[in-house]
Amino acid sequence: MAVNSTKLAAVADAENPAVMCGDVDDSVSESSIDFAGRANWLRAAVLGANDGLVSTAPLMLGVSAVKPDARAMVVSGFAGLLAGACGMAIGEYVSVCSQRDVEIAELDQAGKRGGDDEKALPSPAHAAAASALAFSVGALLPLLAAGFIVGYNLRVAVVVVVATLALAAFGCVGAVLGRAPVARSCARVVVGGLAAMAVTFGFMRLFRASGV
């Protein structure tokens, strides 16, 4: 009976090579690595650019609601770009440094300090630069849209339209790369951006109406 059981187990393993432990572990490990790389890229690029756009466009519209000249709108947007890019870079640098310290401590406990595992750790400087660049790219879109238009109403409309189209594009790209529903992702990003612009413009309009 023991011999027959052994033979049956061997036949089952031979007929189902895809379910062997080694094969499952390799596929799961490779999938995890691919997903982690894609998530980091999305966070640094698409989400960073989206943050730059959502932060800068409402700021420009809010300033224009109080002071309608083009120079004030562009200067406020440029100031928002610089402040936001610096904030993103510093925040990302601190975050990655903290993550790196934790992972180095784990390597110390495992006795693997100084090897290939340490070389594969994320770079705080690279992460900070990527976040600042992505934020700046998103913030530049409303700036370029408003910089060459003189008329106030047309300038505001162009900023809103450009921001909406860019938000839809960011949502679509993020959904495709992240394998998420495209329509839902685009709608979420666009509605959120439009809400931010409407609230900022409407609230700041009250200051102009009150003469403050």
Side-chain angles (χ1 to χ4, degrees), residues 38 40-92 127-212:
R38 185 182 297 114
N40 288 335
W41 186 87
L42 282 172
R43 181 168 58 88
V46 177
L47 299 182
N50 183 78
D51 288 343
L53 180 60
V54 173
S55 298
T56 306
L59 174 63
M60 295 172 63
L61 292 175
V63 171
S64 70
V66 179
K67 195 171 183 179
D69 61 281
R71 186 174 184 275
M73 191 176 189
V74 173
V75 169
S76 65
F78 188 70
L81 185 155
L82 292 178
C86 290
M88 289 286 290
I90 295 172
E92 190 72 10
S131 294
L133 179 61
F135 186 96
S136 299
V137 169
L140 275 174
L141 295 177
L143 271 174
L144 294 176
F148 303 98
I149 300 177
V150 178
Y152 171 73
N153 292 331
L154 180 60
R155 185 168 64 251
V156 170
V158 168
V159 169
V160 173
V161 170
V162 170
T164 302
L165 294 177
L167 287 170
F170 291 152
C172 181
V173 172
V176 171
L177 295 179
R179 297 180 180 180
V182 175
R184 183 185 303 173
S185 178
C186 290
R188 183 167 54 239
V189 173
V190 170
V191 170
L194 288 175
M197 289 185 281
V199 169
T200 306
F201 184 84
F203 185 79
M204 296 304 295
R205 195 76 173 180
L206 297 177
F207 286 88
R208 183 178 179 182
S210 61
V212 177

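Sequence positions, counted from 1, serve as the residue numbers for this chain.
For Ala145, the side chain to side chain contact (heavy atoms under 4.5 Å, CB included) partners two or more places apart in sequence, or in a different chain, are Val158, Val162. Taking Val182 as the reference, Cys172, Ala175, Val176, Cys186 meet the side chain to side chain contact (heavy atoms under 4.5 Å, CB included) condition, with sequence neighbours excluded. For Phe78, the ring pair (Phe, Tyr, Trp, His ring centres under 6.0 Å) test picks out no residue, with sequence neighbours left out. For Cys86, the side chain to side chain contact (heavy atoms under 4.5 Å, CB included) test picks out no residue, with sequence neighbours left out.
Among residue pairs with one or both ends in residues 49-62, none qualify as side-chain hydrogen bond (donor to acceptor under 3.5 Å, both in side chains); sequence neighbours excluded. Within the structure, the side-chain hydrogen bond (donor to acceptor under 3.5 Å, both in side chains) test picks out the following pairs touching residues 145-170 (sequence neighbours left out): Tyr152-Arg205. The ring-ring contact (aromatic ring centres under 6.0 Å, His included) analysis of residues 165-204, with sequence neighbours excluded, yields the pairs Phe203-Phe207.
Leu141 and Ala166 make their closest contact through CD1-CB, 3.6 Å (heavy atoms, listed as atom of the first residue, atom of the second, distance). Taking each heavy atom of Val189 and Gly171 in turn, the nearest pair found is CG2-CA, 4.0 Å. Minimum interatomic distance between Val159 and Ala146 (heavy atoms only, all atoms of both residues): CG2-CB, 3.7 Å. A pairwise comparison of heavy atoms in Glu92 and Ala128 identifies CG-N, 4.0 Å as the closest pair.
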Ignoring hydrogens and angles, write down the donor-acceptor pairs under 3.5 Å from the side chains of residues 57-75, residues two or more places apart or on other chains.
residue: Ser64; atom: OG; partner: Met60; partner atom: O; Å: 3.4
residue: Ser64; atom: OG; partner: Leu61; partner atom: O; Å: 2.8
residue: Asp69; atom: OD2; partner: Ala72; partner atom: N; Å: 3.0

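With rounding to the nearest 0.5 angstrom, the CG atom of Leu53 is 11.5 Å from the CG atom of Leu81. Note that OG of Ser131 and CD1 of Ile90 are 12.0 Å apart. Values are rounded to the nearest 0.5 Å. Taking CG from Leu143 and CZ from Phe148, the interatomic distance works out to 10.0 Å, rounded to the nearest 0.5 Å.
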